[in-house]
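Numbering of ligands and ligand atoms starts at 1, following listing order.
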Amino acid sequence: MAKVTIHLVAANGNETTLECALGQSLMQAAIASNVEGIDAECGGTMTCATCHVYVREGFLPKLPIMTSDEDSMLDFTASLRKANSRLSCQIPLTEELDGLTVDLPETQT
Ligand code: FES
């Protein structure tokens, strides 16, 4: 099965690199590997905003267009919303995202 490599950089600079199967969301991949800094309290139903990530610039154009629901939920993140904020449950891992790097916010709650 095809895999992609993703990098999650914690607020303290610690980086976690994962080899992930395609077809799952970034949030699901992070949760499956117990990555600290992604809470995902709602399990991906887009009602918690605790899967907030900051996407490194080069990858922003490769992500699905943000829906108005995601846009609204991003107003409820615990850490500051930035121009590159996304909900990781809304990022399906595709081959195009190989090497995806995201920064994790200081807190999700
Ligand atoms: Fe709850 Fe993404 S997991 S909004």
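- The atoms of ligand 1 that sit less than 4.0 Å from any heavy atom of Met46 are 4 (S).
- For ligand 1, the atoms lying closer than 4.0 Å to a non-hydrogen atom of Ala40 are 3 (S).
- Looking at Ala49 against ligand 1, only its backbone comes within 4.0 Å, counting heavy atoms.
- Among all protein heavy atoms, the one lying closest to atom 3 (S) of ligand 1 is Gly44 N, 3.4 Å.
- Hydrophobic clustering keeps Leu87 apart from Leu63 (ILVMFWY residues linked when any side-chain heavy atoms are closer than 4.5 Å, directly or through intermediates).
- Here Cys51 contributes SG and Cys89 contributes SG, and at atom 2 (Fe) of ligand 1 these two atoms make an angle of 100°, given to 10°.
- Contact check for Val102 versus Tyr54: no side-chain heavy atoms found under the 4.5 Å cut-off.
- The shortest distance between side-chain heavy atoms of Glu19 and Ile6 does not fall below 4.5 Å.
- Here the closest non-hydrogen pair linking Leu8 and Ala30 is CD2-CB, 4.2 Å.
- For Glu15, the CD atom is densely surrounded, since the number of other residues' heavy atoms within 6.0 Å is greater than 12.
- Interface atoms of ligand 1 facing Cys42, defined by a heavy-atom separation under 4.0 Å, are 1 (Fe), 3 (S), 4 (S).
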